[in-house]
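Below, chains carry the letters A, B, ... as their sequence lines are ordered, and counting in each starts from 1.
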Amino acid sequence: MVAQEVEKEPEETLQPKTDFGPPHYEIMLHPVVKKNYGKWAYHEAVRPGVIKRVAESGDVIYTVRFGTPRLLSIYTVREICEIADKYCDGYLRFTSRHNVEFILTDPDKIEPLIKEVQEKLGFPCGGTRDTTNAKYCLSNIIHTQGWVHCHTPATDASGIVKSVMDELYDYFTDYKLPAQCRISLACCANMCGAVHASDISIVGVHRKVPKIDDDAVRRTCEIPSTVAACPTGALKPDMKRKTVVLDKDKCMYCGNCYTMCPGMPIFDPDNDGVAILVAGKVSDARYPPQLSKVVVPWIGNNPPRWPEVVQTIKKILETWATHAEKYERIAEWVHRIGWERFFELTGLEFTEKLIDDYKRTPYIYASYRTSAAFRW
Amino acid sequence: MVAQEVEKEPEETLQPKTDFGPPHYEIMLHPVVKKNYGKWAYHEAVRPGVIKRVAESGDVIYTVRFGTPRLLSIYTVREICEIADKYCDGYLRFTSRHNVEFILTDPDKIEPLIKEVQEKLGFPCGGTRDTTNAKYCLSNIIHTQGWVHCHTPATDASGIVKSVMDELYDYFTDYKLPAQCRISLACCANMCGAVHASDISIVGVHRKVPKIDDDAVRRTCEIPSTVAACPTGALKPDMKRKTVVLDKDKCMYCGNCYTMCPGMPIFDPDNDGVAILVAGKVSDARYPPQLSKVVVPWIGNNPPRWPEVVQTIKKILETWATHAEKYERIAEWVHRIGWERFFELTGLEFTEKLIDDYKRTPYIYASYRTSAAFRW
Amino acid sequence: MPVVDGVELPETPLLDELEKGPWPSFVKEIKKTAIEQEKAMKAGKKIKLPGAAKGLLKVLELAYKDKRTHWKHGGIVSVIGYGGGVIGRYCDLEDQIPEVWHFHTIRINMPAGWFYTTKALRTICDVWEKWGSGLTNFHGSTGDIILLGTRTEYLQPCANALAYADQLYGGVPFDIGGSGSDLRTPSACMGPALCEFACYDTLKACYEFTMRYQNELHRPMWPYKFKIKCSGCPNDCVAAKARSDFAIIGTWKDEIQIDQEAVREYAKVIDIEEHVVKKCPTKAISWDGKELKINNRECIRCMHCINVLPKALKPGKERGATILIGGKAPFVDGAIIGWVAVPFIPENELIEKCCEMLEAIWEWWDEEGKFRERVGELIWRKGMDEFLKVINQKADVRMVYAPRNNPFIFWRELNE
Amino acid sequence: MPVVDGVELPETPLLDELEKGPWPSFVKEIKKTAIEQEKAMKAGKKIKLPGAAKGLLKVLELAYKDKRTHWKHGGIVSVIGYGGGVIGRYCDLEDQIPEVWHFHTIRINMPAGWFYTTKALRTICDVWEKWGSGLTNFHGSTGDIILLGTRTEYLQPCANALAYADQLYGGVPFDIGGSGSDLRTPSACMGPALCEFACYDTLKACYEFTMRYQNELHRPMWPYKFKIKCSGCPNDCVAAKARSDFAIIGTWKDEIQIDQEAVREYAKVIDIEEHVVKKCPTKAISWDGKELKINNRECIRCMHCINVLPKALKPGKERGATILIGGKAPFVDGAIIGWVAVPFIPENELIEKCCEMLEAIWEWWDEEGKFRERVGELIWRKGMDEFLKVINQKADVRMVYAPRNNPFIFWRELNE
Ligand code: SRM
Ligand code: SRM
Ligand code: SRM
Ligand code: SRM
Ligand code: SF4
Ligand code: SF4
Ligand code: SF4
Ligand code: SF4
Ligand code: SF4
Ligand code: SF4
Ligand code: SF4
Ligand code: SF4
């Protein structure tokens, strides 16, 4: 131990350097990308996963997209780098949905690249679209930490994602959808996966009030901020007993208090699980952005592969894909056919649990324009 | 005085009789109406104001509609009765919008009836529609008491209605509109005229906080119910001084407190006036029911004829009538062209006053179906 | 002072402006009343308030001058046995215009659908000529006949006069309507009396509710007012959706009835494609120039096509009504168009089911409702699930435009 | 104990199920890390946490068995000079699995648009192989590179390693991202780097904001978090509308640029009427088989037609962006998609105007915001009029879907 302390690593002796910011993006751009920056003329879908991009100058590049598990080993990242060096002059990028995109100039390298990635990394090529022909791949699922890292999850993230994507694999690698469909997952109501505006989302929900351990609260928690963290005002300070009291009727099991105060754990293996939401979107294309709507209030956790969740997602996706018109995302499809038909076609049950009773949002919000689409 | 007391009227000596209810509607029905009750086959627009109704039996009746000022002298009502006796076997009705409808069986009597009503009563014939041909009359303005009877008005009712209808007279008597248009007026924010769901509405608004007369409050008011009446929580009891205190920033000048407590009058001649709302509707036809939207936050009272209000209403009505498609009510028209264009075409100004900041209604309401239109 | 027919009228330069123009003038009505009532009195008729209309002219002219009302809040005035139906009103210019110091309104329960015989109307006139100002509204915004302006001491005789109208005047007896925190006078569109679209008997329903709930109508005892309106079809000609806590909207469940021959007749005079097909909100209609086809699974019963082609199209045969709950004007929680509480009740069960629900709702509201809390607001506060239990209904997707957009569901049953 | 490549792995029967199936497996990634890191250590590499990935396998297997997380809240851990960027995390099975008792996350500010050279990526790998678990997320949901799991005492050396990566590793230096009540790491779509639709330079804007607001990014001092995201057009490929308090959405004001020849080329392969004309939300397009006409006054710039015909159509030339404010996830007042704060800022003024607004907003929020109140919620609480004053903007009808539906307007200026 002493010896080790003497042999300090250089990193341990350096003066902290702060606020220098991320690397400049320009040094990360492929020379052809840099040259044609802001001067792209058009793009064309080559095949699932591959897009050809043509610049005004006539230059051409190809982006080749692969699904990843998002949780990557640095050893995998190094393998990715090797491949990018071999095929892409050392340039690549990740997408906003956890996919990796290789940047190529030589079309002849595309197939070998795909083959090598599939073989070495097992990453499928796909996830793109051919808008002109209304042919869409499913893309990767935006997701969060779950049991891998977070302290508030009501479910795991990576495990459900893996199970769902295994089942929907062909939708990723082929153009099998009539329109864009985005699936997201967040492992608790904090919604780090931004499930509140996705075509299909899975969100972890607790269903039991936190168990208040008065001792632990006294020892470890700052009571005012714990009380303040509760969105529904279910918590009151109990100054005498130096703890908090909970109004069961007001609690909606969000776990916000638990984040502030480890003395009131929220998890409950038998009652934790996921809700399923659909019909959110954020693009302005055709139809304004929409918040997602709950269509399944709860499915219990069934690790390691959550078959009920997987089958429900698949059912929704396929019902939509079968019935939707071209370009019609779930929100637009339901808008056309009505929620009556959505429940009928998917076989999901509408219950009183699906009628909104969360009263914090003021109605004024309904009048605010949540879209950049308007007339001049 | 004494003599008078002795000579009691019969009405003064009778035992009160209660809860016998309104006359049965059946005794009020024209024999032909009664005979064909529930067995009407179809109707046909004959001319503005006149509808022909054909029963399955082949029987025919005509309803002939006239605008009224709603505020009627009993002497006028007697004249109406005389006419109804002459032409209609003594049967008539009023409509849900303050119009009077004569019920005839003989088509030859229609023109003489119209002539006699116009001459004797000065009531215009009109207010109906020919839906088949998409030709609509404006109907009467639903309205309220105003300075004629109420204690909270921010404006008069009958005076504005008269002024507006004088200006829009031809729209009542002729088919000049492409779709239904309902105008309503309420003289204060209590909205007795149900202005909250009309194509065009005029609503009286105060703009100054009530003037609290502490003495009067002490003398005449029940403080808890006054405080409870305030929708925004702007009032607090001041128990020491036995009065109430008002938070100016919270008050929205509704006058609800004044209804409970005469000690805090709300009216202010220079700051009272009307707001104008548009694009409400209640029928399910084509487009779901809509709440009205404020497009003019305030126009000051300018009696006796409120020219600014009249001109604004006319401008809105005519802009719509010129630009709308057939059957397209204001709500539907604006939905198609966008609010951007509404303000542009009408020349009205959009200001921050038109952005909603009334936070009482919960957003959950936006998800509730306010229409009987759905799929089975 | 202008003199008309021997009757002196006050100077009303501002109001006189409102006698001009083609639309019938309420000022003329008031003046006419002032003149005729005074004349009638002079002619020997028993008239208790010959100066009332004249007083109103004075007070109104002042209101126009001052740009403010001259009426004060009325406090509670009433007739024996009733808690509602009268709006107390006093003038703040008692000394100046004693004729209208008291100027109370009586609300008279109109016949369902506002159908009248002249005999019935004359009854009102006769009573009100004697006991009141002679001024009326046909009708109030809730639907009552409004008798505008009388004194406290005449309220009871006037009510008696109306109640015993058959004996006293050979007329038609009328009862008093609602006001205050009670059931307000229910109203109904003309429905089956005149309209071929009526999907249930609006007049009967309205009458039944009124008669069954006379006690609720006449004795305010709830947290706030409650309104019922009956429209025979989704056109909603009494604006029930927006203006009543409990709206009964006629509709049907099966297929729109089509007379193809009649469609073809219409096709000769109008453009079916433009007027009908294109305007259907769910694109449920097609027309090939010969036959009109309606995909009834897509039809949402909006009425548009039927409205345009009344000779050819008719609502289906499986009729009934949708119940919307909670409609009301603005306070406390904002204006509300009612929302679906029950998607469909068959016509033959309608009145009984409604009564069951009404009674359950009132009991719940009575117990749980706050002062000045309309039933819609109570539901928001308590939640739809509790309300559904109260009315003994299951959730139906037709109750919402869309499911909730948040997973913050209360699992109360798991957290007892 | 299974042994792979000479490395012993824990028994993970449940997790092993997640190695099956075609989609790449995160379990494989963790195992691979466990194996490779131990191998590397054995091979003499300096590796501080060779057991971390193995520890994660253990804890995760237990989580799968127990159906609950085994992580505890982390408290505040940090690197010198910074208040955010590290998520503290401890295992509740300290004794059983000491390898991951500490398992803090470091958020690394990614390059704008997530573009990398392999050199830059390798830097991350090298640093994290030595100082952390070897596990990462590419990327976190906000956009950062997530380095998953290290001990408190390695946070600072790890940060130093990244900061001095050029000197120490011949690599590319990386700085730390945001966490806590600060500016979160801004992100941007690939924009002009690869996409012909970009209406402003998203990468530049993102980089500028990040650099200017290093202090705000690194030192939490606000009521809550604040997110900025840059999308080059209304397709919004970083979901900025839903996921950022301040969303910058590229758009244009003038006419869509049309290459008619290219349209005709497309017409040979697709049905322009069905794919384009009918799908335009405002019916602004017509096509006669030869020429595509767009009524630009009706166009709402939804992108659909451009998306379908990228060779033929292009956004107009008068480019810039719309600013939406308030987007965020659910608490406290519910999930919000941001709403329009400024309908249009021309491209050449964009960055400066945004900075002015951001600074004004932060100042206001800092002063007025409550603990854990996002800026959108503050605006609801304070009113749009106050917010408009803060950002020095006039009301515009484009800020709303519709004007207010109630006349309960605050006339504050009249009631001072
Ligand atoms: C690479 C990426 C941006 C980035 O900087 O990382 C991207 C890239 C492109 N998007 Fe996107 N979008 C990307 C995330 C998004 C997102 C954000 C998200 O998913 O969280 C959205 C909004 C999602 C939503 O509305 O809920 C998004 C909504 C669109 C749309 C609108 C589609 C619609 O119909 O609503 C288009 C237009 C289209 O389909 O052609 C579009 C079009 C495109 C185009 C065609 C733009 C172009 O000219 O290149 C790109 C082609 C990629 C392809 O075929 O998938 N991109 N795109 C993101 C890829 C994610 C992935 O790996 O799958
Ligand atoms: C008489 C009356 C019912 C009553 O019991 O008193 C009535 C009678 C009729 N209405 Fe109505 N409506 C009457 C108030 C209403 C109301 C309520 C209101 O105005 O407050 C509405 C809802 C208003 C709204 O949506 O804001 C109403 C919305 C309709 C509609 C839907 C029109 C639309 O396009 O939205 C129709 C269908 C139509 O236009 O053919 C309709 C159709 C009709 C028909 C054609 C029904 C029929 O088969 O006879 C009647 C013809 C009258 C005509 O030509 O005006 N009636 N109608 C009411 C006449 C009021 C008046 O004097 O003008
Ligand atoms: C007479 C009438 C207006 C008219 O000229 O037609 C009327 C007159 C008054 N209404 Fe009303 N309301 C009248 C129909 C309505 C309607 C329309 C309807 O029923 O379809 C509404 C909107 C629908 C609703 O109920 O929400 C209406 C919503 C109100 C409100 C607001 C209620 C709320 O929940 O927000 C108040 C305020 C109150 O209750 O204190 C109110 C209060 C009043 C009072 C009693 C004012 C008061 O608080 O003292 C008014 C007495 C005026 C007077 O001096 O005569 N009146 N009131 C209507 C009743 C006549 C009738 O019985 O036929
Ligand atoms: C790592 C990440 C999820 C992921 O796996 O990618 C994440 C993880 C956490 N988020 Fe998040 N959030 C992450 C992106 C988001 C997003 C998405 C986004 O930024 O686009 C959201 C929704 C958008 C938003 O900001 O509203 C999000 C909304 C939340 C919230 C709810 C905030 C709210 O206003 O309602 C919380 C709760 C909180 O702040 O206490 C939260 C809290 C947390 C905490 C810090 C839990 C806690 O309170 O201790 C999580 C730490 C997990 C862990 O152990 O590592 N996280 N969080 C994402 C950040 C990675 C990155 O920097 O790139
Ligand atoms: S969604 Fe909840 S559980 Fe999942 S990472 Fe975010 S805060 Fe943690
Ligand atoms: S779980 Fe959420 S709602 Fe329940 S007490 Fe905790 S913070 Fe409040
Ligand atoms: S709207 Fe207001 S002022 Fe007019 S009658 Fe009703 S309560 Fe009185
Ligand atoms: S006017 Fe209305 S908002 Fe103002 S204090 Fe009175 S009741 Fe409250
Ligand atoms: S609501 Fe329907 S049934 Fe009643 S009058 Fe109107 S159209 Fe006829
Ligand atoms: S009633 Fe309305 S929805 Fe049904 S077919 Fe006719 S127009 Fe279409
Ligand atoms: S948001 Fe627009 S500019 Fe950015 S990548 Fe997507 S399509 Fe291209
Ligand atoms: S951008 Fe959208 S709104 Fe504009 S013309 Fe194209 S499809 Fe229509």
Side-chain angles (χ1 to χ4, degrees), chain B residues 11-12 14 16-23 25 28 38 40 42 69-75 77-78 81 84-85 90 93-94 96 122-123 131 147 151 153 158 162 165-166 169 191-192 194 196-197 231 262 267 269 282-286 289 301 303-304 360-361 367-370 372-374, chain C residues 14 17-18 21-24 26 29 32-33 36 63-64 67-69 71 73 80-81 109 111-112 114-115 118 125 134 141 157 160-161 163 172 192 196 203 211 214 234-236 238-239 241-243 249 281 300 302-304 307 310-311 322 329 331-335 337 339-340 398 400-401:
Chain B
E11 291 94 329
E12 289 170 300
L14 286 162
K17 190 156 82 180
T18 60
D19 296 353
F20 52 95
Y25 57 91
M28 305 295 181
W40 294 100
Y42 65 89
R70 187 178 87 129
L71 193 161
L72 293 181
S73 169
I74 53 162
Y75 301 101
V77 177
R78 286 193 182 134
C81 290
D85 284 341
R93 71 180 294 264
F94 290 83
S96 64
F123 292 178
T131 310
W147 297 336
H151 74 297
S158 314
K162 163 79 173 134
M165 289 308 287
D166 276 343
Y169 189 82
M191 300 191 179
C192 298
H196 63 297
F267 46 76
V282 301
S283 84
D284 283 344
R286 300 168 306 282
N301 280 326
R360 295 283 316 204
T361 316
S367 72
Y368 293 174
R369 187 164 340 216
T370 55
F374 37 66
Chain C
L14 291 168
E17 288 299 314
L18 291 165
W23 189 256
F26 69 104
E29 292 295 315
K32 180 178 190 174
T33 313
E36 294 300 326
Y64 268 66
K67 302 208 255 180
R68 50 157 288 202
T69 191
W71 300 109
H73 188 256
I80 295 173
N109 198 334
W114 304 286
F115 284 89
T118 50
C125 297
S141 191
N160 289 349
V172 178
E196 70 273 25
L203 302 184
M211 293 312 286
Q214 283 286 304
N235 282 334
D236 195 3
V238 287
K241 290 168 210 150
R243 295 167 66 168
I249 309 294
I300 55 170
C302 84
M303 288 296 296
H304 176 75
N307 289 336
K311 266 187 232 179
T322 300
F331 303 118
V332 179
D333 278 348
I337 298 176
W339 65 87
V340 177
R398 294 164 190 87
V400 297
Y401 282 124

Tell me, do [X] and [Y] make a side-chain contact under 4.5 Å, heavy atoms counted?
X       : Y       : answer
S73(B)  : R78(B)  : no
V172(C) : M28(B)  : yes
Q214(C) : P22(B)  : yes
P69(B)  : F123(B) : yes
I74(B)  : E36(C)  : no

Holding to ring pair (Phe, Tyr, Trp, His ring centres under 6.0 Å), I want the full list of residues that pass it with F115(C), two or more places apart in sequence or in another chain.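 Scan of F115(C) (ring pair (Phe, Tyr, Trp, His ring centres under 6.0 Å), adjacent residues dropped) gives none.
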
Contact part of [X] toward chain B, heavy-atom cut-off under 4.5 Å: side chain, backbone, both or neither?
X       : answer
T69(C)  : both
F331(C) : side chain
K311(C) : both

Top contributor to chain B contacts, counting heavy-atom pairs under 4.5 Å, from [options]:
options                            : value
A242(C), G134(C), A161(C), C125(C) : C125(C)
E17(C), H73(C), M303(C)            : H73(C)
I337(C), I249(C), V340(C)          : I337(C)
G334(C), A239(C), A163(C)          : A163(C)

Using a cut-off of under 4.5 Å on heavy-atom pairs, state which of [options] scores highest against chain C.
options                            : value
C192(B), G122(B), P231(B), S367(B) : S367(B)
D284(B), T361(B), V282(B)          : D284(B)
P262(B), S158(B), A372(B)          : S158(B)
T18(B), D166(B), D19(B)            : D19(B)
E11(B), E12(B), M165(B)            : E11(B)
A197(B), A84(B), P16(B)            : P16(B)

Heavy-atom distances under 4.5 Å only: say whether F267(B) touches chain C with side chain, backbone, both or neither.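 It is the side chain, since no backbone atom gets that close.
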
Going by the angle between their ring planes, with limits at 30° and 60°, are Y368(B) and W339(C) parallel, tilted or perpendicular?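 Tilted, since the angle between the ring planes falls between 30° and 60°.
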
Between R243(C) and S141(C), do the side chains contain an N or O donor and an N or O acceptor separated by less than 3.5 Å?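 Yes, a side-chain donor-acceptor pair sits under 3.5 Å.
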
Can you list the steps and then say if T131(B) with N307(C) is a side chain to side chain donor-acceptor pair (under 3.5 Å)? CA-CA 6 Å; T131(B) 310; N307(C) 289 336; over 6 Å; no

